[in-house]
Asker: 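This is the structure I have questions about; it appears just below.
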Amino acid sequence: MQGVVEEVEANEVRLRLRLRELVEVESPSEDKAAVDRAGELVTGWASELGGKVKRHRQRGFGDVLELRFGPTRSKAGRVLLLGHLDTVWPMGTLKSMPWRESDGKLFGPGVLDMKAGVAMALEAVAAVQSLGQERPVTLLLNSDEEVGSPVSRAITEKLARECAAVFVLEPAQGLAYKTARKGVGHFELCVEGVASHAGVDFERGHSAVLEMARLVEKVSNFTDLKRGLTVNAGVIAGGTRSNVVAAECRCEVDVRIAKAGDGARVERMFRALKVTDKACKLTVSGGINRPPMERKAGTIALFKQARRLAAEMGVDLAEAATGGGSDGNFTAGIGVPTLDGMGGVGAGAHADHEHVVAKHLVERTALLAGMIAYPAHPR
Ligand SMILES: [Zn+2]
């Protein structure tokens with residue numbers, strides 16, 4: 001790993017400059033033109049490395065970029081580096097949250113989630129090339145991850161199927177790589193009641209708010225902490241005035257599952273919900289969006305290799321599981337060994353204090369490069 005570290009170190013200035021450049025091209029998921037500008041920037045860097053560019057054109061989102069490097073085949077198989085160009089930050093955020101370096105930290109919208117991961121991926125590919133350790137690599141950068149990957153999911157799954165391993169460029173968990181993620185679901189409950197005057201006509205009314213209160217209790221009881229299943233009724237809205245029996249109420253529910261088998265089961269439980277007050281009408285929509293990334297043999301093998309390579313650099317690499325989802329859930333869900341959290345080290349993703357810790361950039365990029373160059377089990 002010594003050679004890899006030296007190679008990445010030699011280009012550390014470029015890595016930092018590019019990270020700043022990418023952060024300063026704002027790219028909220030909702031703004032196609034903005035995300036495409038970030039895509040242009042990265043495409044230029046990829047072309048310098050001889051990358052073949054394929055644009056999966058989109059209307060509602062930025063184009064999804066498929067960048068291919070290295071030979072078309074090798075014994076070790078192709079690697080998919082999986083990232084996204086979009087951020088949760090609206091246009092203009094840079095004014096209040098500009099690029100800033102202080103105390104060894106790099107601040108800015110999307111710097112951790114996940115512009116650092118994107119800049120690191122290109123440096124990792126460059127390092128692998130310089131060392132003559134060629135391996136087929138696909139870098140897939142989507143434009144819609146922060147809104148659930150509606151257009152890129154199919155592309156991600158298709159490209160993952162031709163790969164031996166997937167390395168996800170999402171932020172590390174503390175200093176750890178992620179070997180498990182919960183699956184994510186989103187449901188919406190709508191209750192239609194019967195409105196009436198709470199004083200004059202109380203008995204003719206059927207309260208949608210009361211009915212929803214019962215339903216919130218029911219779905220919350222689906223939570224089973226031992227199974228890693230959680231249900232959070234996070235948003236509720238209904239009624240018009242306190243002296244009106246509410247005609248309607250709506251609730252948005254977040255569901256997390258740790259076991260793949262719970263997906264269908266939870267969906268059935270939501271579909272089977274019934275109202276207590278028969279005069280009320282319930283509509284349930286939504287479902288499980290991302291399957292869980294379970295800690296399976298393929299992922300464990302990848303992590304063990306990462307741990308070995310990290311040890312060569314004097315780093316004791318830890319392993320973590322998280323309740324948050326990523327595109328790694330999709331690739332793990334179709335059975336391709338996936339290791340996640342291989343991007344930047346820092347804190348505050350989606351928050352005002354979002355930052356990357358600068359001193360880890362070289363080490364983490366070198367580890368990513370090492371994982372491409374020195375696969376554990378050639379196949
Ligand atoms: Zn992300």
Side-chain angles (χ1 to χ4, degrees), residues 11-49 51-67 69 81-102 105-126 139-147 149 151-152 155 168-171 326-327 342-346 348-358 361 364-365 368:
N11 291 306
E12 187 180 359
V13 173
R14 180 176 66 186
L15 170 57
R16 287 212 200 188
L17 284 173
R18 281 182 173 176
L19 177 51
R20 173 172 186 169
E21 222 180 318
L22 193 52
V23 167
E24 290 185 334
V25 178
E26 293 180 283
S27 52
S29 318
E30 303 73 30
D31 192 328
K32 173 180 169 55
V35 178
D36 281 343
R37 279 193 293 274
E40 276 308 310
L41 187 59
V42 176
T43 302
W45 299 337
S47 300
E48 284 173 28
L49 294 170
K52 289 197 196 71
V53 181
K54 180 170 175 186
R55 263 190 204 82
H56 296 262
R57 297 195 188 274
Q58 305 298 330
R59 284 167 179 232
F61 291 96
D63 293 340
V64 175
L65 300 180
E66 176 187 335
L67 311 164
F69 304 91
L81 305 182
L82 187 52
H84 61 86
L85 288 166
D86 62 320
T87 75
V88 295
W89 299 102
M91 286 304 278
T93 300
L94 271 175
K95 282 195 204 93
S96 58
M97 217 175 114
W99 173 269
R100 180 166 68 87
E101 305 186 25
S102 109
K105 293 172 182 164
L106 313 175
F107 293 84
V111 65
L112 178 65
D113 188 6
M114 58 146 67
K115 294 191 167 175
V118 174
M120 288 164 66
L122 285 148
E123 290 300 338
V125 169
L139 171 58
L140 177 61
L141 298 175
N142 72 44
S143 49
D144 59 343
E145 196 273 345
E146 296 293 5
V147 292
S149 306
V151 299
S152 65
I155 302 167
V168 186
L169 306 165
E170 291 288 350
S326 86
D327 288 329
M342 296 179 79
V345 168
H350 302 197
D352 288 349
H353 65 289
E354 177 171 8
H355 66 266
V356 160
V357 179
L361 277 173
R364 294 287 153 151
T365 304
L368 182 59

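Numbers here simply count residues along the sequence, with the first being 1.
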Asker: Given side chains that start at C-beta, do those of Leu65 and Arg55 come closer than 4.5 Å, heavy atoms only?
Answerer: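 Answer yes - side chains close enough.
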
Asker: Hey, could you give me the CG/CG distance between Leu17 and Asn11, rounded to the nearest 0.5 Å?
Answerer: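 If we round to the nearest 0.5 Å, Leu17:CG and Asn11:CG are 11.0 Å apart.
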
Asker: I'd like to know whether Arg18 forms a side chain to side chain contact (heavy atoms under 4.5 Å, CB included) with Glu123, so could you lay out the CA-CA distance, the side-chain angles of the two residues, the decisive distance to 0.1 Å, and finally the verdict.
Answerer: CA-CA 10 Å; Arg18 281 182 173 176; Glu123 290 300 338; 3.6 Å; yes

Asker: Kindly determine whether Ser29 and Asp144 satisfy side chain to side chain contact (heavy atoms under 4.5 Å, CB included), including the steps that lead there.
Answerer: CA-CA 6 Å; Ser29 318; Asp144 59 343; 5.8 Å; no

Asker: Of all the heavy-atom pairs spanning Ala124 and Thr365, show the shortest one and how long it is.
Answerer: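 Residues Ala124 and Thr365, closest heavy atoms: N-CG2, 3.8 Å.
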
Asker: Does any non-hydrogen side-chain atom of Phe61 lie less than 4.5 Å from one of Val35?
Answerer: no

Asker: When you compare the side chain of His355 with that of Leu106, does any pair of heavy atoms fall below 4.5 Å?
Answerer: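 With C-beta onward as the side chain, the pair stays apart.
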
Asker: Kindly indicate whether the side chain of Lys115, heavy atoms from C-beta on, has any atom under 4.5 Å from the side chain of Val356.
Answerer: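 They are not in side-chain contact.
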
Asker: Any heavy-atom pair between the side chains of Ile155 and Asn142 that's under 4.5 Å?
Answerer: no

Asker: Going by heavy atoms in the side chains, are Thr87 and Glu146 under 4.5 Å from each other?
Answerer: no

Asker: Determine whether Leu139 and Val125 make a side-chain contact, defined as any pair of heavy atoms from C-beta on separated by less than 4.5 Å.
Answerer: no

Asker: Distance alone, cut at 3.5 Å: any donor-acceptor contact between the side chains of His84 and Asp113?
Answerer: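 Short answer, yes.
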
Asker: Identify which one of Glu354, Glu26, His350 satisfies the side-chain hydrogen bond (donor to acceptor under 3.5 Å, both in side chains) criterion when paired with Trp89.
Answerer: Glu354

Asker: Applying side chain to side chain contact (heavy atoms under 4.5 Å, CB included), run through Val168 and Asp327 and close with a yes or a no.
Answerer: CA-CA 8 Å; Val168 186; Asp327 288 329; 5.6 Å; no

Asker: If you look at every heavy atom in Leu112 and Ala349, which pair is closest and at what distance?
Answerer: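 Answer, listing the atom of Leu112 first, then Ala349: CD2-N, 4.1 Å.
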
Asker: Within this structure, what is the CG-CZ distance for the pair Leu85 and Arg37, rounded to the nearest 0.5 Å?
Answerer: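 Reported to 0.5 Å precision, the distance equals 13.0 Å.
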
Asker: Can you name the closest pair of heavy atoms from Gly344 and Met120 and give their distance?
Answerer: N-SD, 3.7 Å

Asker: So do Val23 and Phe107 actually touch side chain to side chain, heavy atoms under 4.5 Å?
Answerer: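 Phe107 vs Val23: side chains apart.
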
Asker: If you measure from OG on Ser326 to CG on Leu169, what distance do you get to the nearest 0.5 Å?
Answerer: 10.0 Å

Asker: Starting from the C-alpha separation in whole Å, work towards a yes-or-no answer on side chain to side chain contact (heavy atoms under 4.5 Å, CB included) for Val151 and His56.
Answerer: CA-CA 10 Å; Val151 299; His56 296 262; over 6 Å; no

Asker: Might you point out which heavy atoms bring Met91 and Ala34 nearest each other, and give the distance in Å?
Answerer: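 Shortest heavy-atom contact: SD-CB, 3.9 Å.
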
Asker: Got a second to check how far Met114's CE is from Leu82's CG, nearest 0.5 Å?
Answerer: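 If we round to the nearest 0.5 Å, Met114:CE and Leu82:CG are 7.0 Å apart.
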
Asker: Which heavy-atom pair separates Gly62 from Ser143 by the least distance, and what is that distance?
Answerer: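 Looking at all heavy atoms of both residues, the shortest contact is O-OG, 2.6 Å.
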
Asker: Roughly how far, to the nearest 0.5 Å, is CH2 of Trp99 from CG of Leu19?
Answerer: 4.0 Å

Asker: Per the side-chain contact (heavy atoms from CB on, under 4.5 Å) rule, which among Thr43, Leu49, Leu41 passes with Trp45?
Answerer: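 Going through the options one by one, the only one that passes is Leu41.
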
Asker: Closest approach of Ala351 and Met97, non-hydrogen atoms and distance?
Answerer: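 Looking at all heavy atoms of both residues, the shortest contact is O-CE, 4.1 Å.
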
Asker: Counting N and O atoms only, with roles assigned by atom type, does the side chain of Asp36 sit under 3.5 Å from a partner on the main chain of Asp63, one being a donor and the other an acceptor?
Answerer: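 Judged by distance alone, yes, a pair lies under 3.5 Å.
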
Asker: To the nearest 0.5 angstrom, please state how far the CD atom of Glu12 sits from the CG atom of Leu15.
Answerer: 7.0 Å

